[in-house]
S.K.: 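Just dropping this structure here.
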Amino acid sequence: MNKKYSISLIIVIAATVASLATIYFRHHTVAVLQPRGPIALQERNLMLTAFGLMLIVVIPVFVITFFIVYKYREGHHGKYKPDFDHSNLLESIWWLIPTILIVVLSVITWHGTYKLNPYNKIASKQPNLNIEVVALDWKWLFIYPNQNVASVNSLVIPVNTPVTFYITADAPMNSFWIPQLGGQIYAMPGMDTQLNLMATSPGNYYGSSANISGTGFAGMHFDTHAVDTTSFNSWVSSANKAKVSLTSDEYNKLDQPSINNAVSYYSKPDPNLYTSIINKYMAPGAQANMMMEMD
């Protein structure tokens with residue numbers, strides 16, 4: 001294989017890979033690369049920054065690999081240096097550059113970790129919307145305590161309004177994730193975690209479980225409907241007319257395992273339901289102390 005043919009083959013392969021990647025991304029939605037909220041946008045930028053910095057090492061490694069394979073192929077008469085075993089310049093390059101990149105990545109990661117703390121409230125002129133999230137087998141329960149409604153496998157939020165999710169589980173450990181709005185956070189029995197997100201564009205965004213949790217895991221997903229304030233208030237009014245109230249007895253029925261659960265709505269959820277779900281996993285003494293603190 002002559003030199004001209006080898007270079008042409010490499011160019012053709014690179015062009016083919018680039019073309020296939022372009023076609024794929026044009027016809028497929030990669031949710032984390034299409035943010036629709038300030039948190040997801042910052043996370044995407046952080047990811048792309050880290051990816052770009054790592055390419056500074058990765059690309060030269062592949063280029064040098066192909067160069068070495070070509071230069072020292074069988075039959076090539078290159079300069080023979082049997083006593084060569086060290087180069088201060090080369091040693092400096094392949095130790096100093098990765099070290100600098102690691103330091104830079106560490107600083108970026110440290111800064112991003114604190115800036116994107118899921119407990120941090122999102123600055124906005126709009127008041128926060130509080131939603132209590134419960135991971136069940138195998139469905140998601142959303143309780144709107146201030147709106148006095150609840151839903152299963154359907155999340156409705158107003159655009160440009162910060163949302164504080166209070167998240168727990170009444171089933172095996174799970175993970176709550178809306179890729180286009182922000183990163184995932186775990187839902188664990190007996191624990192109350194938080195996640196603050198906001199949608200800046202109206203639309204329907206895919207939400208799912210990001211942690212394998214058993215037989216019905218594949219169907220444990222939901223749609224997040226980001227709508228204007230008027231539509232959100234209209235939805236709340238409609239949900240308030242639901243015939244079934246989410247009492248403790250009704251919740252016990254809902255808590256039973258089910259696969260590919262249909263969307264459903266409830267009115268008048270028990271105001272202490274979320275707290276009682278967390279408390280049921282606590283030791284009797286700890287539960288009593290929490291109730292005393294609440295009183």
Side-chain angles (χ1 to χ4, degrees), residues 31 34-42 118-136 139-168 170 176-185 187 192-209 220-248 250-251 253-254 261-278:
Q34 297 182 336
R36 294 296 182 268
I39 303 302
L41 178 61
Q42 293 178 68
Y119 281 68
N120 290 343
K121 303 292 185 182
I122 299 174
S124 174
K125 295 180 180 179
Q126 298 293 330
N128 268 53
L129 170 66
N130 296 326
I131 300 178
E132 297 166 344
V133 182
V134 184
L136 302 171
K139 49 193 170 283
W140 292 98
L141 170 63
F142 303 103
I143 303 172
Y144 297 72
N146 297 327
Q147 286 70 34
N148 208 25
V149 297
S151 62
V152 172
N153 285 348
S154 179
L155 176 64
V156 182
I157 59 174
V159 295
N160 296 318
T161 298
V163 181
T164 299
F165 295 97
Y166 298 89
I167 304 168
T168 191
D170 197 2
F176 177 75
W177 191 28
I178 309 172
Q180 288 184 270
L181 298 186
Q184 61 87 26
I185 191 166
D192 175 30
T193 52
Q194 291 184 32
L195 179 63
N196 286 273
L197 301 175
M198 184 170 72
T200 53
S201 300
N204 295 330
Y205 307 123
Y206 180 78
S208 70
S209 163
M220 194 172 174
H221 51 79
F222 59 92
D223 286 328
T224 301
H225 306 280
V227 299
D228 59 70
T229 304
T230 301
S231 298
F232 176 74
N233 293 333
S234 177
W235 173 81
V236 170
S237 298
S238 176
N240 266 306
K241 298 176 183 177
K243 296 181 180 179
V244 182
S245 298
L246 190 58
T247 61
S248 296
E250 191 63 35
Y251 173 77
K253 298 177 184 177
L254 180 64
N261 206 89
V263 172
S264 57
Y265 302 100
Y266 297 89
S267 62
K268 301 179 179 64
D270 184 337
N272 297 316
L273 181 59
Y274 184 79
T275 302
S276 66
I277 292 171
I278 295 174

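Side chains included, hydrogens not; waters and symmetry mates left out as well; all remaining heavy atoms used.
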S.K.: Can you list everything that forms a side chain to side chain contact (heavy atoms under 4.5 Å, CB included) with Ser208? Sequence neighbours excluded, please.
M.R.: Trp177, Tyr206, His221

S.K.: Please enumerate all residues that pass side chain to side chain donor-acceptor pair (under 3.5 Å) together with Tyr251, with sequence neighbours excluded.
M.R.: Asp170

S.K.: Check step by step if side-chain contact (heavy atoms from CB on, under 4.5 Å) holds for Arg36 and Leu181.
M.R.: CA-CA 6 Å; Arg36 294 296 182 268; Leu181 298 186; 4.2 Å; yes

S.K.: Going by the rule side chain to side chain donor-acceptor pair (under 3.5 Å), which residues pair with Ser209 if we only count those two or more places apart in sequence or in a different chain?
M.R.: Asn174

S.K.: Mind listing the side-chain donor-acceptor pairs of residues 121-133 below 3.5 Å, one per line with the distance, residues two or more places apart or on another chain?
M.R.:
unit_1 : atom_1 : unit_2 : atom_2 : d
Lys121 : NZ     : Thr164 : OG1    : 3.2
Ser124 : OG     : Gln126 : N      : 3.1
Asn128 : ND2    : Thr164 : OG1    : 2.5

S.K.: Measuring from atom CG of Leu254 to atom CG of Leu273, what distance do you get when rounded to the nearest 0.5 angstrom?
M.R.: 9.0 Å

S.K.: In Å and rounded to the nearest 0.5 Å, what is the CG to CG distance from Leu136 to Asn153?
M.R.: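 So the gap between those two atoms works out to 9.0 Å.
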
S.K.: Go through the steps to decide whether Tyr119 and Thr193 satisfy the test side-chain contact (heavy atoms from CB on, under 4.5 Å), and finish with yes or no.
M.R.: CA-CA 8 Å; Tyr119 281 68; Thr193 52; 3.9 Å; yes

S.K.: Is Tyr144 reaching over with its side chain to a backbone N or O of Val156, donor-acceptor style, under 3.5 angstrom?
M.R.: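 Yes, Tyr144 side chain to Val156 backbone: donor-acceptor pair under 3.5 Å.
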
S.K.: Taking only residues two or more places apart in sequence or in another chain, which ones pass side chain to side chain donor-acceptor pair (under 3.5 Å) with Asp192?
M.R.: Tyr274

S.K.: If you look only at distance, which donor and acceptor atoms sit under 3.5 Å apart when one is on a side chain in residues 226-237 and the other is two or more places apart or in another chain?
M.R.:
unit_1 : atom_1 : unit_2 : atom_2 : d
Asp228 : OD1    : Thr230 : N      : 3.1
Asp228 : OD1    : Ser231 : N      : 2.8
Asp228 : OD1    : Ser231 : OG     : 3.1
Asp228 : OD2    : Ser231 : OG     : 3.2
Asn233 : ND2    : Thr229 : O      : 3.3
Ser237 : OG     : Asn233 : O      : 3.1

S.K.: Any sub-3.5 Å donor-acceptor pair from Gln180's side-chain atoms to Ala31's backbone N or O?
M.R.: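 Flag not set: sc Gln180 to bb Ala31 has no pair under 3.5 Å.
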
S.K.: Side chains of Ile178 and Leu155: does their closest heavy-atom pair fall under 4.5 Å?
M.R.: yes

S.K.: The test is side-chain contact (heavy atoms from CB on, under 4.5 Å); show your working for Val149 and Tyr265 and say whether it passes.
M.R.: CA-CA 8 Å; Val149 297; Tyr265 302 100; over 6 Å; no

S.K.: With Tyr266, which residues qualify under ring pair (Phe, Tyr, Trp, His ring centres under 6.0 Å), at least two apart?
M.R.: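 Tyr266: no ring pair (Phe, Tyr, Trp, His ring centres under 6.0 Å) contacts found.
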
S.K.: Ser267: which residues meet the side chain to side chain contact (heavy atoms under 4.5 Å, CB included) condition with it, sequence neighbours left out?
M.R.: Ala242, Ser245

S.K.: With sequence neighbours left out, what residues match Asp270 under salt bridge (charged side-chain N to carboxylate O under 4.0 Å, His left out)?
M.R.: none

S.K.: Applying side chain to side chain donor-acceptor pair (under 3.5 Å), name anything that partners Gln184, two or more places apart in sequence or on another chain.
M.R.: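 In terms of side chain to side chain donor-acceptor pair (under 3.5 Å), with neighbours along the sequence ignored, Gln184 is linked to Ser175.
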
S.K.: Examine distances only and state if a side-chain atom of Asn196 and a backbone atom of Pro162 form a donor-acceptor pair shorter than 3.5 Å.
M.R.: no

S.K.: Measure the CZ-OG distance between Phe222 and Ser151 for me, rounded to the nearest 0.5 Å.
M.R.: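 If I round to the nearest 0.5 Å, the distance is 9.5 Å.
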
S.K.: Drop me the distance from Lys268's NZ to Leu246's CG, to the nearest 0.5 angstrom.
M.R.: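 Going from the NZ atom of Lys268 to the CG atom of Leu246 covers 12.0 Å.
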
S.K.: List the steps, then state whether side-chain contact (heavy atoms from CB on, under 4.5 Å) holds for Asn160 with Thr200.
M.R.: CA-CA 5 Å; Asn160 296 318; Thr200 53; 3.9 Å; yes

